[in-house]
> 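Have a look at this one before I ask anything.
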Amino acid sequence: MDVTESDARRTLHKVFGYEAFRGEQEAIVDHVVAGGDAVVLMPTGGGKSLCYQIPSLVRSGTGVVVSPLIALMQDQVDALRALGVRAGFINSTQDFDERRSMEAQFVAGELDLLYLAPERLRLDSTLALLSRGEVSVFAIDEAHCVAQWGHDFRPDYLALSVLGERWPEVPRIALTATATAATHEEITRRLGMPDAKHFVASFDRPNIQYRIVPKADPKKQLLSFLEDEHAGDAGIVYCLSRNSTEKTAEYLCRNGIEAVPYHAGLDAGTRAAHQSRFLREEGLVVVATIAFGMGIDKPDVRFVAHLDLPKSVEGYYQETGRAGRDGQPSTAWMAYGLQDVVQQRKLIQGGEGDESFRRRAAAHLDSMLALCETVRCRRAQLLKYFGQDPTEESCGNCDTCLAPPENWDGTVAAQKLLSTVVRLKRERGQKFGAGQIIDILLGRKTAKVIQFDHDQLSVFGIGGELTEAEWRGAVRQLLAQGLLAVEGEYGTLVLTEESGSVLGGGREVLLRKEAPKPASRSTKGERKAKSQAAGAELAPEAVPVFEALRAWRGARAKEQGVPAYVIFHDATLREIATVRPDSTSALGGISGLGEKKLATYGEGVLEVLATFGEAGATAAPDPEQPPLESAPAAVPAARVPSAPTAPAAPDDDPEFGWDEEPPEYE
């Protein structure tokens with residue numbers, strides 16, 4: 001097609017107000033604009049959406065975006081329309097007349113982008129519709145959903161190879177924020193894209209601080225974390241069960257933190273309402289199962305917390321990546337304990353799937369446990385997992401770098417623990433969970449110990465050199481190292497094939513000593529002040545201007561019924577507050593403010609600035625300022641429309657914190 005190399009850059013500047021792409025964006029855009037297929041691995045916040053939106057706008061026809069996020073399509077379309085882009089969607093939330101109208105607009109060439117769910121592309125009527133119009137690009141978002149062993153598998157993605165078969169001349173771009181080499185290969189193979197060019201951006205998110213703490217009382221630990229470091233911040237808390245999400249949300253609300261639950265057991269209206277509140281309100285916490293989060297385009301999520309262990313590194317990375325999309329300091333925090341390991345092993349053993357599936361699931365869990373138990377930089381381990389070499393072995397912004405843990409020789413402790421398991425089996429024909437075994441080692445004459453005469457065992461009381469918490473850490477790490485295993489409905493401990501080498505003295509066991517909690521980046525008061533300025537380093541005189549602009553933006557967003565970031569991102573407001581432009585032309589020089597938004601909101605912004613007296617000198621935008629993923633793409637001048645129209649375990653343990661219902665994977 002006859003498209004010049006600068007069309008994409010002009011499109012980027014015209015609506016977004018950015019002078020340059022960042023990273024691999026321009027290479028990807030140019031490749032797709034020229035008609036090539038692409039598979040793109042780029043972290044959340046890296047700008048994936050621009051990679052298909054701009055080609056859709058530059059090439060002739062309508063860009064068709066395949067997205068699994070029906071609940072978010074309206075917000076995605078609203079954000080595009082706010083920029084003057086002619087966008088629409090077709091999904092099951094629309095009535096017959098709405099769908100018919102959108103179909104007519106597509107056939108008439110009146111849409112720049114059309115969003116469809118993968119399920120809809122299994123319908124002959126949808127394929128016939130696409131044949132009646134002109135498609136510029138097929139974008140397959142969240143492409144990891146095609147991987148059958150992935151954490152978000154969607155069977156309907158398996159049929160998307162039909163796009164290449166029926167429209168071989170239309171370029172396709174498959175995008176995901178997380179994929180190992182094996183998942184990357186599976187995406188390419190299952191989508192039928194053997195000739196696609198592959199673009200892999202760095203998986204590093206340097207603004208996210210990764211921290212994993214020993215689980216004691218997880219709800220109280222979470223509350224302390226939020227009060228000390230993230231007062232007034234928006235964030236996501238992940239739990240495995242529906243019951244846990246509701247109880248945790250209630251607990252936070254009782255303690256003064258506005259929180260709502262989200263899980264598949266809630267009715268659709270409640271889920272939609274809670275999701276809408278999270279996107280539109282500031283400072284709301286969502287407590288959710290993994291049913292929530294994919295595609296959430298909220299840039300100012302300041303933390304993601306896990307109260308239960310994710311089942312894979314991919315899942316953990318995907319979920320934590322929802323924090324800090326705006327590049328500001330954010331936290332990925334997790335409370336992790338012994339019962340997390342026990343419960344995950346039980347889920348694998350008792351779950352559906354054949355032996356091959358269980359082996360894969362166990363391998364994913366082993367990688368997750370290795371990340372939790374490492375004494376090295378967590379960020380470096382994450383990058384290595386995804387096949388990338390870290391530039392530094394110490395990132396300086398994770399708990400193991402801020403407060404390095406130590407190893408200790410736990411061989412004797414491991415032998416004592418394994419011997420207790422052996423004695424119970426050999427002498428009594430019994431198997432117990434960790435709590436009973438630790439009571440025996442510590443010499444506690446509990447009711448259960450006396451009931452089973454376990455105080456008569458030769459191993460009774462031989463473990464007094466360690467505390468209960470240290471023994472729990474030892475059990476957890478022996479499970480992680482494959483020197484202990486979990487068996488049966490009640491999660492009893494049994495030996496493995498590797499246990500004998502430890503008992504026989506042929507294998508040394510190194511255990512991780514829990515590090516002290518790293519110092520918080522700021523006091524509670526300082527953190528709140530930073531939160532009010534969206535984590536930015538604003539000059540004192542710019543802070544009230546920034547807050548006034550945020551209040552103005554919030555009012556406009558409420559009037560229009562859209563999230564605040566659809567109007568302007570915080571980064572744009574920070575630059576306006578710092579520069580204080582005094583005219584519409586000067587305001588047009590702000591990075592991230594293009595023609596459509598300048599025409600719509602420029603006068604309102606200048607009115608806010610006028611209330612602060614004499615405006616400051618203007619400054620040119622930073623050409624290195626990256627466009628954010630959450631902002632939609634630009635539209636060429638010629639195409640800008642006139643107006644956007646479980647049973648209880650034998651051991652009672654407060655650390656476990658499990659509900660009566662099994663964990664939920666949705």
Side-chain angles (χ1 to χ4, degrees), residues 15-17 71-89 93-94 98 101-102 112-113 115 232-234 258 260 269-284 286 295-301 325-326 531-534 543-577 580-581 584 587-588 590 592-612 628 630-635 640-645:
V15 170
F16 280 103
L72 293 173
M73 284 184 183
Q74 183 67 63
D75 288 326
Q76 293 167 327
V77 167
D78 285 345
L80 284 161
R81 288 176 175 172
L83 292 170
V85 177
R86 302 174 301 173
F89 63 85
T93 67
Q94 298 166 307
E98 289 174 323
S101 173
M102 197 59 60
D112 299 317
L113 284 110
Y115 286 79
D233 286 345
E258 189 71 16
V260 294
T270 300
R271 290 201 308 273
H274 289 180
Q275 179 171 279
S276 178
R277 285 190 61 190
F278 181 69
L279 291 172
R280 287 160 174 76
E281 296 181 17
E282 296 184 1
L284 185 69
V286 169
I296 290 295
D297 206 14
K298 187 176 175 67
D300 59 346
V301 175
R325 296 169 66 105
D326 56 5
S531 174
Q532 291 172 342
V543 172
V545 184
F546 174 75
E547 291 301 330
L549 288 167
R550 290 182 77 197
W552 169 85
R553 178 188 64 179
R556 299 292 81 72
K558 187 174 182 179
E559 289 173 1
Q560 299 174 32
V562 298
Y565 59 81
V566 169
I567 309 297
F568 287 123
H569 283 276
D570 279 349
T572 301
L573 296 187
R574 286 196 295 270
E575 186 175 349
I576 294 172
R580 309 245 326 254
T584 302
L587 189 61
I590 295 295
L593 206 161
E595 291 183 3
K596 175 62 180 177
K597 288 195 174 181
L598 183 63
T600 304
Y601 303 115
E603 290 300 325
V605 170
L606 292 174
E607 288 176 7
V608 174
L609 295 177
T611 65
F612 288 88
L628 296 174
S630 52
V635 61
V640 177
S642 58
T645 50

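Throughout, residue positions are numbered sequentially from 1 according to the sequence presented.
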> Would you confirm whether Arg580, through its side chain, and Phe612, through its main-chain N or O, come within 3.5 Å as a donor-acceptor pair?
yes
> With rounding to the nearest 0.5 angstrom, report the CZ to CG distance, Phe546 to Asp570.
4.5 Å
> Rounded to the nearest 0.5 Å, what separates atom CZ in Arg81 from atom CD in Gln76?
12.5 Å
> If you measure from CD1 on Ile567 to CZ on Arg553, what distance do you get to the nearest 0.5 Å?
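Reported to 0.5 Å precision, the distance equals 9.0 Å.
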> Can we say Arg280 and Asp75 salt-bridge, meaning some charged N sits less than 4.0 Å from an Asp/Glu carboxylate O?
yes
> Could you measure the distance from the OG1 atom of Thr611 to the CG atom of Leu606? Nearest 0.5 Å is fine.
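It is 11.0 Å, given to the nearest 0.5 Å.
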> How far apart are the closest heavy atoms of Thr584 and Leu598, and which atoms are they?
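Closest pair (atom of Thr584, atom of Leu598, distance): O-CD1, 3.8 Å.
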> Once rounded to the nearest 0.5 Å, what's the spacing between atom CG of Leu593 and atom OG1 of Thr600?
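Atom-to-atom, Leu593:CG and Thr600:OG1 are 9.5 Å apart.
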> Report the residue from Lys558, Gln560, Glu559 that forms a side chain to side chain contact (heavy atoms under 4.5 Å, CB included) with Val562.
Gln560
> Could you check whether any side-chain heavy atom of Leu549 comes within less than 4.5 Å of a side-chain heavy atom of Val605, counting everything from C-beta outward?
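Leu549 vs Val605: side chains touch.
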> What's the separation between atom CD in Gln94 and atom CE in Met73, rounded to the nearest 0.5 Å?
9.0 Å
> Output all residues satisfying ring pair (Phe, Tyr, Trp, His ring centres under 6.0 Å) with Tyr115, sequence neighbours left out; order by chain, then residue number.
none
> To check you understand the geometry: which heavy-atom pair defines the closest contact between Pro581 and Leu587, and what is its length?
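Smallest interatomic distance, heavy atoms only, reads CG-CD1, 3.5 Å.
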> Is the backbone N or O of Arg86 less than 3.5 Å from a side-chain atom of Asp112, with the two atoms forming a donor-acceptor pair by type?
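Yes, Asp112 side chain to Arg86 backbone: donor-acceptor pair under 3.5 Å.
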> Using a 3.5 Å distance criterion without hydrogens, assess whether the side chain of Ser101 forms a donor-acceptor pair with backbone atoms of Glu98.
no
> Find out whether the Lys NZ or Arg CZ of Lys298 is both under 6.0 angstrom from the six-membered ring centre of Tyr565 and within 45° of the ring's axis.
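Pair Lys298/Tyr565 does not count as cation-pi.
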